[in-house]
S.K.: 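My structure is below; once you've seen it, I'll send some questions.
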Amino acid sequence: MPQPRTSKEISGMGHSMKRKEDPRFIRGKGNYVDDIQLPGMLYMDIVRSPFAHARIKSINSEKALKIPGVLAVITGETLKQYNLHWMPTLSSDTQMVLPVEKVMCQAQEVAAVIATSRYIAADGVEAVEVEYEQLPVIVDPHKALEPGAQVLRTDKKDQKDNLAFHWEAGDRAATEKVFAEAEVVVKEEIYLPRIHVASIETCGCIADFDKVDGHLTVYMTTQAPHAVRTVLALVAGHVGLSEEKIRVISPDIGGGFGGKVPVYPGYVIAIAASVVIGKPVKWIEDRMENLQADSFARDYWMTTEMAAKKDGTMLALRIKTVADHGYTNASANPSKFPAGLFSICTGSYVLQQAFTEMDAAYTNKPPGGVAYRCSFRVTEAVHAVERIVDVLAQKLKMDPAAIRLKNFIQPEQFPYKSLLGWEYDSGDYPKALKLAMKNIGYDELRKEQAEKRKRGELMGIGICSFTEIVGAGPSKTFDILGIKMFDSAEIRIHPTGKAIARFGTKSQGQAHETTYAQIIAEELGIPAAHIQVEEGDTDTAPYGLGTYASRSTPTSGAAAAMAARKIREKAKKIAAHLLECAEDDLVWEVNKFTVKGAPTRSKTIQEIAFAAYTNHPQGMEAGLEATFYYDPPNLTFPFGSYICVVDIDRGTGMVKVRRFMAVDDCGNIINPMVVDGQIHGGLSQGLAPALYEEMPYDENGNNLAGSFMDYLVPTSMETPNWETDKTVTPCPHHPFGAKGVGESATVGAPPAIANAVVDALSHLGVTHIDIPITPERVWRILKAKGVAQ
Amino acid sequence: MSMHKIKVTVNGAAEEVEVEARLLLVHHLRENLRLTGTHIGCDTTHCGACTVLLDGKPVKSCTMLAVQADGREIRTVEGLEQNGKLHPVQEGFWEKHGLQCGFCTPGMLMTSCALLEQNPHPSELQIREAISGNLCRCTGYVNIIKAVQYAAEKQQAQKEAAHAAA
Ligand code: FES
Ligand code: FES
């Protein structure tokens, strides 16, 4: 890895600087939404539907309202008076805030109780009486799409079936032709089940409406505060909320992972309650509400096929997906990408043709489809391609590493135009895979596996060589509800050469306070310790679309560098004035301008900053600050190769991850310690769905994993010692060559683990197992194959 | 709802208060005493974000009533730092990047603190076992384990230094 250019004192790029946010967190002095208490604050709790589909016959609040301390019960009828009972989703569908006629999924919000304490609000919820008439339930998206199926969205006049949308990419006919003529075709039904982000902090807000001046302040667990402000102004403009009077504050966030991008009904009800009552209203959901009602992720059924030559040359990929969206399409996707960036599914390989299509269905499940630690459906796409490559290798009796090396896009082919329309910016796939193989001792592991197989022991080695697509995105194609997906930075240098910088993004643990400071330190030579980073307050931060989809470094990080360069331009003029020389005679190094050929004549950034306020050239604006809105020219394409080794217990079916080597390439690195932390976390969130987590529903639409009793977030006992390494292929179009890293590991880990398990069982004729690969699932296979002990 | 007078010593200070019988200890700490470092992450005693020390032992304060703490001693994350000096576990978490969003951190710190008081030289497996009732969604635990190891070494060094000085 390249050596840092700056000293430790400055701590620019490449330094593993200790995090600036930690001093408050290790003292218990973080400031999360639920930590905030406002004078006169009321509490809200929500009545939720026990049924997945039911008509509401009546809601009786009488008993609840008799409880001392219960002030109001809000229902759909209350909100209907203001036309706020429905709201738009991020995918331009509609979602109920509170129902007037019927509920369409279990745990859906039915009414809200406002009370003087959270305990009394909970008492109120118990006392609200709702009479339901149950309706037939559809939980299986395939059944939902069958002709003649009961139409669920009776609220939409033109909706004659349960198809939320159809989407396709690639050349269908040309792909069919390649398949028809291919020597080898492999096919698997691959299901990526519904899962949940399960950040340890749940969602919540405090809505504080000031009836006197009409200001609304919302403290909120949101990854995208500016977007929320604009959406509020758009949907509630008719009741008098005006954007300049709306302030959204996203304080410390206890993990987001995409789950804190959507605007949930609870937020809107709390806001409505505060507007009506004129007092602050706090709503904090509990874990069961969080798991059962908030946006889910994945839930894609992917029929995946690959055509190839007998020698292992890949020819074509075809994926047909049925996507379960729940009762509305609330996917958090850029507008023009209803299936997110699923078209990255051609992965790291050279192919002749590819075609993918999707039918998205409405069912009686909670809505969502959040980009759970991935850049909009990239996890699904990568799982499909990385699994099918292994299936092909198995069919051809080829080594999974060899088949990848044979078909990789080669370093000299970049920038590479993918079949489904992306321009991969840079990459060196063979290098990453070979490094991972060397680090883990691939050849020896294969020998060990052969030995063990002779003894009847089950050991598997799995590879995943993924290509990510992150940093949305270029305004040509990327917007959310029309708002372009640029992002921003604003830097002000104080007279003594210290700085404050503000951003349109919002950290939820990604260490922006540290890494953004390091970017500016690199560009201006001001010690990162003296650069204060602020985000998450729409009154002070420049406009931006927020943090998700690994976009912060590619967009706001780039904006920080560009704003700093603007400042450096002005600093140069001031330096020329101070040194009485021409600007062209100056050279910049680390933290000062020096006159060419006169090394003793120089001005540091601190001296220049002071002069900007005390002695600036006549005719120049005073001060030293800049704002930059960065519109990325392309996405960035981080990649990596992961190798996982598993051992399987023949008695219990238990899979143990013995080793996991992750080689990542995210371009130039700001803070190696933070990058490794991001990868550790991502790997753990890849391990989780691979082996443990799933959010299943029974045929009546009952959630079967609605608390941490059943939703198995891995603990320290299940999580292995992650091993990491890097290759560095700088991004050619990013100001400092970075690519975004937060999600690579969540995307890359599940197929590596699944491939390892299938590899352990491949000699038994097993070609595919759906995740989560639970002991029961494995044991049933072992039993069927007659090898269970 | 019946009200009860309780006397609880929190981070060394004895507090006498009247609480509702059903009030959870975690809400007493967070809302009455405004010690908001202790967090809430679930409703089934699984996440450990609410971990505090009750007479030196880690307990999940979401699963205990405030009245049950009557006459007992509680330590929370706010009590770790003494005389402006960070506790070795706090240092360890900062040094080793043992936290990201920080939400699980207070619970992790209290559990680690209790572990080291009871077992100053834990093995990796003992650390893993000790924190297995605390969920972290961000870090993948590896750096948390390193943080606790760092704290154990630091504590040992401090002891030796104190010994040498005496
Ligand atoms: S809040 Fe989860 S264990 Fe107490
Ligand atoms: S640091 Fe976020 S949950 Fe542990």
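A, B, ... follow the sequence lines: proteins, then strands. Residue 1 opens every chain. Values below: every heavy atom of this structure, side chains too, minus hydrogens, waters and symmetry copies.
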S.K.: Flag the one option from B/Gly79, B/Cys47, B/Gly102 with the top tally of heavy-atom pairs under 4.5 Å to chain A.
M.R.: B/Gly102
S.K.: Given heavy-atom pairs under 4.5 angstrom as the criterion, report whether the side chain, backbone, both or neither of A/Lys18 touches chain B.
M.R.: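 For A/Lys18, heavy atoms of backbone and side chain both lie under 4.5 Å from chain B.
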S.K.: With a 4.5 angstrom heavy-atom cut-off, is it the side chain or the backbone of B/His87 that approaches chain A, or both, or neither?
M.R.: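 Neither; nothing under 4.5 Å.
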S.K.: At what distance, to the nearest 0.5 angstrom, does CG of B/Leu86 lie from CD1 of A/Ile26?
M.R.: 4.5 Å
S.K.: List for me each residue that meets salt bridge (Lys or Arg N to Asp or Glu O under 4.0 Å) alongside A/Lys506, sequence neighbours excluded, and say none if there are none.
M.R.: none
S.K.: What part of A/Ile253 lies closer than 4.5 angstrom to a heavy atom of chain B: side chain, backbone, both or neither?
M.R.: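 Backbone only.
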S.K.: So which atom in A/Tyr32 and which in B/Phe103 form the shortest heavy-atom distance, rounded to 0.1 Å?
M.R.: OH-N, 3.4 Å
S.K.: By a 4.5 Å heavy-atom criterion (distance strictly below it), what part of B/Glu124 contacts chain A: side chain, backbone, both, or neither?
M.R.: side chain
S.K.: Could you have a look at A/Asp252, A/Thr202, A/Val674 and say which one has the most heavy-atom pairs with chain B under 4.5 angstrom?
M.R.: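 Counting heavy-atom pairs under 4.5 Å, the top option is A/Val674.
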S.K.: Work out which heavy atom in A/Ser716 is nearest to a heavy atom in B/Ser132; give both atom names and the distance.
M.R.: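 What the structure gives for the nearest pair is OG-CA, 3.4 Å.
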S.K.: Kindly indicate whether the side chain of A/Asp34, heavy atoms from C-beta on, has any atom under 4.5 Å from the side chain of B/Arg30.
M.R.: yes
S.K.: Would you kindly say whether A/Asp22 and B/Gln90 are connected by a side-chain donor-acceptor distance under 3.5 Å?
M.R.: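 Short answer, no.
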S.K.: Heavy-atom distances under 4.5 Å only: say whether A/Ser684 touches chain B with side chain, backbone, both or neither.
M.R.: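 The side chain, not the backbone.
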S.K.: Please determine, among B/Gln100, B/Glu91, B/His27, B/Lys96, the option with the most heavy-atom pairs under 4.5 Å with chain A.
M.R.: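 The answer is B/Gln100.
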S.K.: So for A/Asn671, is it side chain, backbone, both, or neither that comes closer than 4.5 Å to the heavy atoms of chain B?
M.R.: neither
S.K.: Walk me through it: do B/Glu31 and A/Arg118 pass the test salt bridge (Lys or Arg N to Asp or Glu O under 4.0 Å)?
M.R.: CA-CA 11 Å; B/Glu31 287 173 18; A/Arg118 63 173 96 215; 2.4 Å; yes
S.K.: Is any NZ, NE, NH1 or NH2 atom of the basic residue among B/Glu78 and A/Arg27 found under 4.0 Å from an Asp or Glu carboxylate oxygen of the other?
M.R.: no
S.K.: Side chain, backbone, both or neither: which part of A/Tyr119 has a heavy atom under 4.5 Å from chain B?
M.R.: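 Contact with chain B is through both the backbone and side chain of A/Tyr119.
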S.K.: So what's closer than 4.5 Å to chain B heavy atoms on A/Gln678: side chain, backbone, both or neither?
M.R.: both
S.K.: Give the interface residues of residues 33-46 of chain B toward chain A, defined by a heavy-atom separation under 4.5 Å.
M.R.: B/Arg34, B/Thr36, B/Gly37, B/His39, B/Ile40, B/Gly41, B/Cys42, B/Asp43, B/Thr44, B/His46
S.K.: If I take atom CZ from residue B/Phe93 and atom CZ from residue A/Phe25, how far apart are they, to the nearest 0.5 angstrom?
M.R.: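 It is 14.0 Å, given to the nearest 0.5 Å.
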S.K.: Side chains of B/Cys101 and A/Gln508: does their closest heavy-atom pair fall under 4.5 Å?
M.R.: no
S.K.: Under 3.5 Å, which donor-acceptor pairs link side chains of residues 10-20 of chain B to any protein atom two or more places apart or in another chain?
M.R.:
{"from": "B/Asn11", "atom 1": "OD1", "to": "B/Thr76", "atom 2": "N", "distance (Å)": "2.8"}
{"from": "B/Asn11", "atom 1": "ND2", "to": "B/Thr76", "atom 2": "OG1", "distance (Å)": "2.9"}
{"from": "B/Glu20", "atom 1": "OE1", "to": "B/Arg22", "atom 2": "NE", "distance (Å)": "2.8"}

S.K.: Decide if atom CE of A/Met709 counts as having more than 12 heavy atoms of other residues, nucleotides or ligands within a radius under 6.0 Å.
M.R.: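 No, the 6.0 Å shell around CE holds no more than 12 heavy atoms from other groups.
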S.K.: What residue in B/Ile131, B/Leu99, B/Leu24 has the most heavy-atom pairs under 4.5 Å with chain A?
M.R.: B/Leu99
S.K.: Donor-acceptor pairs under 3.5 angstrom involving side-chain atoms of residues 133-152 of chain B: please list them, not counting sequence neighbours.
M.R.:
{"from": "B/Asn134", "atom 1": "OD1", "to": "B/Thr111", "atom 2": "OG1", "distance (Å)": "3.1"}
{"from": "B/Asn134", "atom 1": "ND2", "to": "B/Gly48", "atom 2": "O", "distance (Å)": "3.2"}
{"from": "B/Asn134", "atom 1": "ND2", "to": "B/Thr51", "atom 2": "OG1", "distance (Å)": "3.4"}
{"from": "B/Asn134", "atom 1": "ND2", "to": "B/Gly107", "atom 2": "O", "distance (Å)": "3.3"}
{"from": "B/Asn134", "atom 1": "ND2", "to": "B/Thr111", "atom 2": "OG1", "distance (Å)": "3.3"}
{"from": "B/Arg137", "atom 1": "NE", "to": "A/Val197", "atom 2": "O", "distance (Å)": "2.8"}
{"from": "B/Arg137", "atom 1": "NH1", "to": "A/Glu693", "atom 2": "OE2", "distance (Å)": "2.6"}
{"from": "B/Arg137", "atom 1": "NH2", "to": "A/His196", "atom 2": "O", "distance (Å)": "3.2"}
{"from": "B/Arg137", "atom 1": "NH2", "to": "A/Val197", "atom 2": "O", "distance (Å)": "3.1"}
{"from": "B/Arg137", "atom 1": "NH2", "to": "A/Tyr372", "atom 2": "OH", "distance (Å)": "3.0"}
{"from": "B/Arg137", "atom 1": "NH2", "to": "A/Glu693", "atom 2": "OE1", "distance (Å)": "2.9"}
{"from": "B/Arg137", "atom 1": "NH2", "to": "A/Glu693", "atom 2": "OE2", "distance (Å)": "3.3"}
{"from": "B/Thr139", "atom 1": "OG1", "to": "B/Tyr141", "atom 2": "N", "distance (Å)": "3.0"}
{"from": "B/Tyr141", "atom 1": "OH", "to": "A/Pro714", "atom 2": "O", "distance (Å)": "2.8"}
{"from": "B/Tyr141", "atom 1": "OH", "to": "B/Cys136", "atom 2": "N", "distance (Å)": "3.0"}
{"from": "B/Tyr141", "atom 1": "OH", "to": "B/Cys136", "atom 2": "O", "distance (Å)": "3.4"}
{"from": "B/Asn143", "atom 1": "ND2", "to": "B/His97", "atom 2": "O", "distance (Å)": "3.4"}

S.K.: Side chain, backbone, both or neither: which part of A/Ala198 has an atom under 4.5 Å from a heavy atom of chain B?
M.R.: both
S.K.: Could you look at A/Gln685 and say if it's the side chain, the backbone, both or neither that has a heavy atom under 4.5 Å from chain B?
M.R.: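 For A/Gln685, the side chain is the part near chain B, not the backbone.
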